[in-house]
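Numbered from 1 within each chain, the chains take letters A, B, ... in sequence-line order. Worth knowing before you read on, the calculation uses all heavy atoms, side chains too, and leaves out hydrogens, waters and symmetry mates.
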There are 2 protein chains.
Amino acid sequence: MSPRKSAHDELTKEAIISVARDLFVKEGYSSASMRKIADTLQCSHGAIYYHFKNKAQLFYEIVEADFQKLDQVLDSVLGESADTNEQKLFSIFYRYIQFGLTHQKHYELMFLIHDDDVKSYLNEGPNKSYMHFAQAINSLAPRSLSIKDIWSVFLSLHGFVTHYCRSETTFEEVKELASSHAQFLIKAIF
Amino acid sequence: MSPRKSAHDELTKEAIISVARDLFVKEGYSSASMRKIADTLQCSHGAIYYHFKNKAQLFYEIVEADFQKLDQVLDSVLGESADTNEQKLFSIFYRYIQFGLTHQKHYELMFLIHDDDVKSYLNEGPNKSYMHFAQAINSLAPRSLSIKDIWSVFLSLHGFVTHYCRSETTFEEVKELASSHAQFLIKAIF
DNA sequence: AATCTTATTGACCAGTGTTCAATAATGAAA
DNA sequence: TTTCATTATTGAACACTGGTCAATAAGATT
């Protein structure tokens with residue numbers, strides 16, 4: 001029994017986050033328990049509560065970082081040089097799906113978790129990411145799109161990712177379908 | 001302590017289902033506990049396990065009856081007399097969303113639940129429902145749609161429902177958005 | 001050296017799904 | 001009517017969960 005660790009292996013937020021992310025991704029939100037996280041960190045579960053208010057907040061901080069990754073994906077597409085706006089739009093749609101399906105557990109954590117505790121925390125993360133997305137679409141669209149149309153595009157992409165997340169299909173397995181779904185949405189707005 | 005109730009108030013599957021359905025709808029799958037259900041029924045939580053193998057199975061049986069309601073909704077739209085095929089298509093899209101958002105817990109079970117216990121109980125359900133949907137769309141579409149396009153339409157509707165299920169928004173709150181989303185999809189296939 | 005601050009522990013609480021021996025009510029056979 | 005197997009119910013027990021907190025030891029400050 002030693003109520004405090006020696007300096008060189010003190011617990012850090014970063015260490016907790018790193019371990020917790022792996023466990024959340026591997027087991028999902030509810031199955032990844034604070035005690036399991038603590039075991040992996042070789043500390044007591046109580047210690048985590050010194051660094052994070054509760055499980056939902058720990059989760060939230062992880063997901064927040066993931067949203068920033070999604071933003072980066074969109075930015076990189078916008079930065080790329082493509083021949084036409086249509087090609088860029090296609091690229092955004094396609095890469096959004098690719099991101100969702102190659103980071104399925106992350107996507108799940110970001111958009112699909114259905115937990116009351118978590119839900120109260122998760123509001124501006126998705127919103128900010130969406131605003132990013134909407135602005136990109138709007139700047140590339142051939143005609144002035146209504147806000148509702150952009151929202152429809154997003155929800156349609158979201159539906160694709162959601163469906164294949166649930167059946168745990170890899171992006172490789174559905175890349176042709178992803179391509180045709182992206183094309184379908186282009187058709188709707190051009 | 002009386003290890004068995006007298007005949008007139010014996011527990012029945014129907015009584016359990018009725019109480020459990022209310023609680024599942026009110027509190028969601030994980031928060032509605034077997035003990036709460038038992039309390040409302042004024043029996044012990046152990047008794048429920050005599051009638052149902054486990055919580056997941058109880059939930060599944062509750063919703064099984066409603067599982068075919070979606071098919072019924074589609075059938076009733078097809079049976080209705082509408083002026084144009086476009087109107088009928090719109091109706092199908094709109095009513096699909098309406099169904100999903102007015103039976104959120106059921107929709108969640110059918111398409112979104114990630115719980116391993118629950119998932120093993122339902123696999124062919126969604127598939128059968130989709131085949132029904134696809135056939136309806138195909139018979140009403142103005143031009144011969146590719147299978148991929150129909151699939152895209154479905155996923156796009158699914159995305160709408162999924163999103164608002166997660167935030168527990170009522171259908172009433174988003175019916176205008178539902179309408180414009182349906183219109184958006186009509187635009188993509190006409 | 002004494003004191004203050006900080007990080008950690010682990011006992012504890014109330015809750016969860018699930019199992020199961022014990023047992024009482026029921027219905028059928030003797 | 002009495003025996004007896006079947007059936008339905010209980011509640012204790014188990015192994016978990018997220019969360020709280022007094023006790024305490026390591027590090028920092030004076």
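Not a single donor-acceptor pair, N or O on each side, falls under 3.5 Å between the base of dG15(C) and the side chain of Arg35(B). Evaluation of atom-type donor-acceptor distances gives a pair under 3.5 Å for the side chain of His45(A) against the base of dG19(D).
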Nucleotide N/O of nucleotides 26-30 of chain D paired with protein N/O under 3.5 Å:
residue : atom : partner : partner atom : Å
dA26(D) : N3   : Arg4(A) : NH1          : 2.9
dG27(D) : OP1  : Ala7(A) : N            : 2.9

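A search for salt bridge (Lys or Arg N to Asp or Glu O under 4.0 Å) contacts involving Glu80(A) returns Arg95(A), not counting sequence neighbours. Among residues two or more places apart in sequence or in another chain, the salt bridge (Lys or Arg N to Asp or Glu O under 4.0 Å) test is passed with Lys148(A) by none. Residues that satisfy the ring pair (Phe, Tyr, Trp, His ring centres under 6.0 Å) test with Phe184(B), not counting sequence neighbours, are absent from this structure. Residues satisfying the salt bridge (Lys or Arg N to Asp or Glu O under 4.0 Å) criterion with Lys187(A), sequence neighbours excluded, are Asp149(B). Take Arg4(B) and apply the salt bridge (Lys or Arg N to Asp or Glu O under 4.0 Å) test, not counting sequence neighbours, and it matches Glu10(B).
Atom CD in Gln57(B) sits roughly 11 Å away from atom P in dT18(C) (whole-Å rounding). In this entry the distance linking NZ of Lys36(B) with P of dA14(C) reads 16 Å, nearest Å. One atom, CE of Met34(A), and another, P of dG10(C), lie 17 Å apart when rounded to the nearest Å. Between the P atom of dG17(C) and the CZ atom of Phe52(B) lies a distance of 15 Å, rounded to the nearest Å. Counting to the nearest Å, the C1' atom of dT9(D) and the OH atom of Tyr49(B) are 15 Å from each other. Asp9(A) places its CG atom 14 Å from the C1' atom of dA25(D), with the value rounded to the nearest Å. Between the P atom of dT17(D) and the CG atom of Asn54(A) lies a distance of 17 Å, rounded to the nearest Å.
A close approach under 4.0 Å does not occur between any side-chain nitrogen or oxygen of Ser44(A) and OP1 or OP2 of dT8(C). Using a 4.0 Å cut-off, some side-chain N or O of His51(A) falls inside it from OP1 or OP2 of dT8(C).
With no hydrogens or angles considered, a side-chain donor-acceptor pair links Asp75(B) and His132(B) at under 3.5 Å. Inspection of the Tyr130(A) and His158(A) side chains reveals no N or O donor paired with an N or O acceptor under 3.5 Å.
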Determine all donor-acceptor pairs shorter than 3.5 Å in which one atom belongs to a side chain in residues 16-23 of chain A; sequence neighbours excluded.
residue  : atom : partner  : partner atom : Å
Arg21(A) : NH2  : Ile62(A) : O            : 3.3
Arg21(A) : NH2  : Asp66(A) : OD1          : 3.2

With a 3.5 Å cut-off and sequence neighbours excluded, list the donor-acceptor pairs that the side chains of residues 172-180 of chain B form with protein atoms.
residue   : atom : partner   : partner atom : Å
Glu173(B) : OE2  : Thr170(B) : N            : 3.2
Glu173(B) : OE2  : Thr170(B) : OG1          : 3.0
Ser180(B) : OG   : Leu177(B) : O            : 3.2

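Nucleic acid contact class of Ala32(A) (heavy atoms, under 4.0 Å, all strands): sugar-phosphate only.
In terms of position along DNA chain D, the nucleotide closest to Ser31(A) lies nearer the 5' end than the nucleotide closest to the other residue of the pair Ser31(A) and Lys53(A).
A heavy atom lying under 4.0 Å from DNA chain C marks the following residues of residues 11-23 of chain A, by number: Leu11(A).
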